[in-house]
Amino acid sequence: MQTDRFSRLNQYRSMWVLVFFDLPTETITDRKTASRFRKNLLNDGFNMFQFSIYMRFCPSRENAAVHIKRTKNALPKKGKVCIMQITDKQFGMMELFHGKKETTLEKPNQQLELF
């Protein structure tokens, strides 16, 4: 249908903005800067996806551009930051795996046989 292609929450128009970062934390100043950057992301509506990956849903490309600009304005001077945007359709095709903690198997007790 023609109207679905231009609907407000179309899977190809709505976007996910992902921010990946690796910031130094050696000094107190570095830790404060990294913490401030993370808090800016949270205040702008981003959610933690993994420890240094934050994501935000945006209903349009224009809205995504606003949040990308805010993130760029808050970039710290040190470290690495990557901003990626993908469509909702692409995000929906992501495969997630939640691992389980490895445990060692207990040896079974010796079975005694009675005659």
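Positions are given from 1 along the sequence.
Between the CD1 atom in Ile28 and the OG atom in Ser35 there is a gap of 13.0 Å [rounded to 0.5 Å]. One distance of note links CG of Leu42 with CG of Asn47; it measures 7.5 Å at 0.5 Å rounding. If you take CE on Met93 and CD1 on Ile86, they are separated by 8.5 Å, rounding to the nearest 0.5 Å. Arg61 CZ to Ser14 OG: the interatomic distance, rounded to the nearest 0.5 Å, is 9.5 Å. Rounding to the nearest 0.5 Å places CG of Leu41 at 13.0 Å from CZ of Arg36.
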Item to check | Asp44 vs Arg70, salt bridge (charged side-chain N to carboxylate O under 4.0 Å, His left out): CA-CA, chis, key distance, verdict | outcome: CA-CA 8 Å; Asp44 195 26; Arg70 286 183 191 163; 2.6 Å; yes
Item to check | Step-by-step side chain to side chain contact (heavy atoms under 4.5 Å, CB included) determination, Lys80 to Phe21 | outcome: CA-CA 6 Å; Lys80 294 180 182 178; Phe21 58 90; over 6 Å; no
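Nearest heavy-atom pair, Phe37 versus Pro76, reported as atom, atom and distance to 0.1 Å: CD1-CD, 3.6 Å. Across every non-hydrogen atom of Ile83 and Thr71, the tightest pair is CD1-CG2, 3.8 Å. The two residues Met48 and Phe51 come nearest to each other via the heavy atoms SD-CA, 3.9 Å. The shortest heavy-atom contact between Leu23 and Ala34 is CD1-CA, 3.8 Å. Arg31 approaches Glu26 most closely through the heavy-atom pair NH1-O, 3.3 Å. When all heavy atoms of Ala64 and Met15 are compared, the pair lying nearest together is CB-CB, 4.1 Å.
Taking the side chain as every heavy atom from C-beta outward, Tyr54 and Val17 never approach each other to under 4.5 Å. Residues Gln85 and Leu18 form no side-chain contact, since every pair of their non-hydrogen atoms from C-beta on lies 4.5 Å or further apart.
Put simply, the side chain of Thr33 gets close to the backbone of Thr29: a donor and an acceptor are under 3.5 Å apart.
Remark: Arg56 engages Phe46, Cys58, Asn63, His67 in a side chain to side chain contact (heavy atoms under 4.5 Å, CB included) (not counting sequence neighbours).
Residues Phe57 and Val19 fall into different hydrophobic clusters, defined by Ile, Leu, Val, Met, Phe, Trp and Tyr side chains chained together at heavy-atom separations under 4.5 Å.
The aromatic rings of Trp16 and Phe91 lie parallel to each other, with less than 30° between the two planes, well short of the 60° mark.
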